[in-house]
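This report concerns only the one structure given below.
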Amino acid sequence: MTDVVREYRVGGQTVRALDGVTLSLAGGNFISIVGPSGAGKSTFLHLLGALDAPDSGSIRFGDKEIAQLTDEQQSEFRRHQVGFIFQFFNLLPTMSAWENVAIPKLLDGVGLRKAKPDALALLDKVGLAKRANHRPAEMSGGEMQRVAVARALMMDPPLILADEPTGNLDSKTGASILELLAEVAHDKGSGRAVVMVTHNQDAAASTDRVVTLQDGRLRSDEFTGAARKIG
Ligand code: ADP
Ligand code: ADP
């Protein structure tokens, strides 16, 4: 991201949600985005995920300038290069755990039956092999978030964006989800970046890098050394 500006016009006023942010993110890292409410964290995450576009500045992913992609290419980028994880899990209530994990494949035109082996393998990876046939209502919050992590990995994207993934979990369950996200980022050879917006200082401190936004600007950017502690 180079010198990224995103403004919102509300009534006659202009709010600069992001005000000249320059930042470079590398795969293999678990990165947290922190800062007070209104600092620009959600805007930042939406721009990274190509859900929104900057007013000026550049957002490059590999050799691609995201804003220069067509709508269709951006949609393709979201489906294949990004996995999204949410505070309230966003699982489909009528589908089982494995079917929820398979959804990204369905959106890609792959049939459920064909997607099943990969979905089951991912559920196993997040420690939920035994819940494959359970619906969301039959699972705990921590289990639902594990399903969501598995779903985010379905297309094997290089970028995972998590918006307050522990915000609706008790601290012990939240810590286990953070461990899982760290594993996802540190997976040998995956080169995957996990970017998490969080209000929780302890959650942020467990990540490799803490980026602090304030009033739409980059206030600090610190590598914590937590990666070595986690292993
Ligand atoms: P955070 O996620 O850190 O709370 P946001 O990115 O949501 O911050 O918001 C940054 C600023 O942009 C805030 O002042 C917010 O009110 C404003 N903002 C965010 N989204 C919109 C929108 N859709 N319309 C108008 N203003 C917005
Ligand atoms: P299409 O254009 O192919 O119908 P979209 O571009 O709307 O699909 O969405 C592609 C992917 O981007 C979705 O599968 C979803 O994971 C993600 N996505 C789309 N909109 C949002 C959103 N508002 N918040 C989070 N993720 C989204």
Side-chain angles (χ1 to χ4, degrees), residues 1-26 29-61 65-67 69 71 74-75 77-78 81-91 141 144-145 148-149 151-152 157 159-169 171 174-175 177-178 181-182 184-185 193-224 226:
M1 235 184 227
T2 308
D3 216 9
V4 164
V5 173
R6 177 69 172 99
E7 295 181 331
Y8 295 104
R9 277 146 220 104
V10 186
Q13 303 258 31
T14 301
V15 177
R16 276 210 166 188
L18 289 181
D19 188 9
V21 173
T22 297
L23 188 69
S24 158
L25 303 175
N29 276 310
F30 185 13
I31 300 139
S32 50
I33 311 295
V34 302
S37 182
K41 303 184 295 296
S42 306
T43 302
F44 178 87
L45 212 66
H46 290 158
L47 289 172
L48 273 187
L51 295 167
D52 186 17
D55 291 294
S56 66
S58 161
I59 303 175
R60 299 184 70 79
F61 188 84
E65 178 72 42
I66 301 300
L69 301 177
D71 286 352
Q74 286 187 11
S75 167
F77 172 83
R78 288 191 290 272
Q81 310 292 330
V82 190
F84 295 94
I85 299 170
F86 308 91
Q87 179 173 0
F88 296 103
F89 324 126
N90 290 18
L91 301 178
M144 286 191 271
Q145 199 58 301
V149 172
R151 179 183 57 189
L159 181 60
I160 302 275
L161 302 179
D163 195 353
E164 297 279 2
T166 62
N168 197 37
L169 301 174
S171 57
I177 293 297
L178 292 171
L181 291 175
V184 162
V194 178
V195 183
M196 167 176 76
V197 164
T198 183
H199 274 98
N200 185 320
Q201 286 300 330
D202 292 338
S206 80
T207 67
D208 305 324
R209 180 177 174 187
V210 182
V211 173
T212 307
L213 295 176
Q214 189 167 23
D215 296 328
R217 291 174 167 271
L218 197 68
R219 183 161 167 248
S220 69
D221 184 2
E222 285 167 346
F223 287 84
T224 60

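It should be emphasised that the depicted structure is a prediction, and the values quoted were computed from it without experimental measurement. We count ligands from 1, going down the list as the structure has it; atoms in each ligand are counted the same way. Residue numbers count from 1 along this sequence.
- For the pair A204 and V34, the tightest heavy-atom approach, listed with the atom from each and the gap, is CB-CG1, 3.6 Å.
- Side chain of K41 to backbone of G35: a donor-acceptor contact under 3.5 angstrom is found.
- One N or O on the side chain of Q145 and one on the backbone of F86 form a donor-acceptor pair closer than 3.5 Å.
- R217 places no side-chain N or O within donor-acceptor distance of the main-chain N or O of G20, the cut-off being under 3.5 Å.
- Around ligand 1 you find Y8, V10, V15, A17, P36, S37, G38, A39, G40, K41, S42, T43, each with a heavy-atom distance below 4.0 Å.
- In terms of heavy-atom proximity, T224 sits nearest to V210 at CG2-CG2, 3.6 Å.
- With sequence neighbours left out, the side chain to side chain contact (heavy atoms under 4.5 Å, CB included) criterion links T2 to T22, S58.
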